Amino acid sequence: MIKLCRGSEYSIDDVRKCLHASPGSLSSKESRYIYKHARLRKLIKSHIRTLRRYKEEMYVCLKNGNKEAHYIEGIKQFFALHDRRKGMRHLKLSAKDHYAKGNYLYGIHKLLVGDHAEGMNHLDIHTWRNNTYNADKIWRQVKQTLCDVPIIEKRSYGINMMLIMPPRSCNLTELDKRCTTCFYYKQMEKFMQLIYSG
């Protein structure tokens, strides 16, 4: 019998155990459940790890709709392998499954490429109008997952930021003071500063 962490969540190690379990030790329904709901924190810390290791584990998690796996794969494809189409598809799937970090990163990127309405809708899910704490917390988590990833700026990012630039009264240098007029612009600016610092 295969021994798994039977707590509230499964890990990438449990996914590996399922893949290499002897026939009959787990039902296919149990395996699919583990693949779909496994928490992949270990992989989020280093996306480069997923390029070399965990390929089989990532494949089954993606195949079974694991939202965290789609987030990781989206970052890997978009930023590390420069396949923007595949990367955005995975980030969109992550966002569609209500994964907060995937939703946030997908929304910011939609804003930067000029799809302002869709980007704003994705950021609005984080209920920032009542309190920006949740959006700030998710931004810190996204920023942490992108710290080792080289991000290349596209020329269109700056142009698309100018299209929604708020008035000077919003004080564009103070990124943590936001109102309904400047919130989206300042969130985009935070992402741009991450690119410049990398």
Side-chain angles (χ1 to χ4, degrees), residues 12 15 32-33 35-51 54-129 134-161 163-164 183-192 194-195 198:
I12 191 70
V15 171
R32 284 193 309 273
Y33 182 84
Y35 300 148
K36 182 176 175 89
H37 298 286
R39 297 298 312 261
L40 307 175
R41 283 191 201 108
K42 190 189 275 188
L43 302 184
I44 285 180
K45 291 177 184 170
S46 176
H47 305 290
I48 305 305
R49 257 189 211 173
T50 65
L51 288 171
Y54 302 110
K55 286 183 182 180
E56 193 177 6
E57 293 86 345
M58 279 294 289
Y59 174 77
V60 295
C61 287
L62 289 167
K63 188 177 173 186
N64 286 281
N66 184 307
K67 56 190 175 185
E68 211 165 357
H70 282 293
Y71 175 70
I72 294 166
E73 189 67 16
I75 290 173
K76 184 176 87 176
Q77 291 292 335
F78 193 91
F79 298 112
L81 300 177
H82 306 292
D83 188 337
R84 293 177 185 275
R85 189 182 56 75
K86 256 189 197 175
M88 283 305 284
R89 185 172 56 83
H90 283 290
L91 287 174
K92 185 175 185 174
L93 288 169
S94 175
K96 201 166 137 184
D97 279 345
H98 308 291
Y99 186 61
K101 289 184 257 186
N103 189 26
Y104 186 93
L105 186 57
Y106 183 74
I108 287 291
H109 195 267
K110 282 307 222 178
L111 286 169
L112 287 168
V113 297
D115 192 349
H116 295 136
E118 187 173 359
M120 289 174 180
N121 287 338
H122 278 277
L123 289 184
D124 287 348
I125 290 170
H126 302 292
T127 62
W128 63 268
R129 290 177 196 272
N134 195 28
D136 291 338
K137 178 181 166 191
I138 294 166
W139 163 242
R140 285 190 298 274
Q141 292 170 352
V142 168
K143 186 176 168 182
Q144 189 176 12
T145 62
L146 295 174
C147 67
D148 294 336
V149 180
I151 304 171
I152 299 170
E153 178 190 1
K154 288 179 71 178
R155 191 178 306 158
S156 62
Y157 290 176
I159 295 166
N160 289 316
M161 283 181 69
L163 293 173
I164 63 167
F183 177 82
Y184 304 108
Y185 177 85
K186 288 185 176 182
Q187 295 308 105
M188 293 165 74
E189 181 60 35
K190 287 180 181 184
F191 187 80
M192 293 302 286
L194 179 67
I195 293 174

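Please read these numbers as outputs of a predicted model, since none were measured by experiment.
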**Fill in**
For Glu57 and Ile12, the nearest pair of non-hydrogen atoms, with its separation, is CB-CD1, 3.5 Å
**Message:** Quick one, Leu105 and Leu146 - any side-chain contact, counting heavy atoms below 4.5 Å?
**Reply:** yes
**Fill in**
Between Ser94 and Gly102, the two heavy atoms sitting closest are OG-CA, 3.5 Å
**Asked** Should Tyr71 and Thr145 be marked as a side-chain contact (heavy atoms from CB on, under 4.5 Å) after you check the CA-CA gap, both sets of side-chain angles, and the distance that decides it?
**Response** CA-CA 10 Å; Tyr71 175 70; Thr145 62; 2.7 Å; yes
**Prompt:** Less than 4.5 Å apart, any side-chain heavy atom of Tyr184 and any of Trp128?
**Reply:** yes
**Asked** Looking at His116 and Leu163, what are the two nearest heavy atoms and their distance?
**Response** CE1-CB, 3.8 Å
**Request:** Might you work through the side-chain contact (heavy atoms from CB on, under 4.5 Å) test for Leu81 and Lys86, ending with a clear yes or no?
**Result:** CA-CA 10 Å; Leu81 300 177; Lys86 256 189 197 175; over 6 Å; no
**Request:** Find the distance between NE2 (His37) and NZ (Lys67) and round it off to the nearest 0.5 Å.
**Result:** 8.5 Å
**Request:** Go through the steps for His90 and Leu62 under the test side-chain contact (heavy atoms from CB on, under 4.5 Å), then give the verdict.
**Result:** CA-CA 9 Å; His90 283 290; Leu62 289 167; 4.0 Å; yes
**Prompt:** Going by distance alone, is a donor N or O of one side chain under 3.5 Å from an acceptor N or O of the other, for Asn66 and Tyr99?
**Reply:** no
**Asked** At their closest point, which heavy atom of Phe78 faces which heavy atom of Met88, and how far apart are they?
**Response** CE1-CG, 3.8 Å
**Asked** Would you call Glu189 and Lys186 a salt bridge, taking side-chain N to carboxylate O under 4.0 Å as the test?
**Response** no
**Asked** Is it true that atom OH of Tyr157 has more than 12 heavy atoms of other residues, nucleotides or ligands lying nearer than 6.0 Å?
**Response** yes
**Message:** Does the plane of the ring in Phe79 sit parallel, tilted or perpendicular to the ring in Phe191? Use 30° and 60° as the thresholds.
**Reply:** tilted
**Prompt:** For the side chain of His70 and the backbone of Ala95, is there at least one donor-acceptor N/O pair under 3.5 Å apart?
**Reply:** no
**Asked** Leu93 versus Glu73: any side-chain heavy-atom pair under 4.5 Å?
**Response** no
**Fill in**
Closest heavy-atom pair, Asp97 versus Gly65, reported as atoms and distance to 0.1 Å, is OD2-O, 3.5 Å
**Any Phe183 side-chain heavy atom under 4.5 Å of Asp124 side chain** = no
**Request:** Only pairs at least two apart or in different chains count here, so list each salt bridge (charged side-chain N to carboxylate O under 4.0 Å, His left out) that has a residue in residues 99-123.
**Result:** Lys110-Asp115, Lys110-Glu118
**Asked** Looking at side-chain heavy atoms only, is the closest gap between Leu112 and Lys154 below 4.5 Å?
**Response** no
**Message:** Closer than 4.0 angstrom, basic N to acidic O: yes or no for Lys190 and Asp136?
**Reply:** yes
**Item:** Check: Asp83 side chain, Gln77 main-chain N or O, donor-acceptor pair, under 3.5 Å
**Value:** no
**Prompt:** Taking it one step at a time, do Gln187 and Tyr104 satisfy side-chain contact (heavy atoms from CB on, under 4.5 Å)?
**Reply:** CA-CA 10 Å; Gln187 295 308 105; Tyr104 186 93; 2.5 Å; yes
**Request:** State the CG-OH distance between Leu111 and Tyr106, to the nearest 0.5 angstrom.
**Result:** 11.0 Å
**Message:** Within the structure provided, determine whether Ile108 and Leu123 are in side-chain contact (heavy-atom separation under 4.5 Å).
**Reply:** yes
**Request:** Might you point out which heavy atoms bring Ala38 and Val15 nearest each other, and give the distance in Å?
**Result:** CB-CG2, 3.5 Å
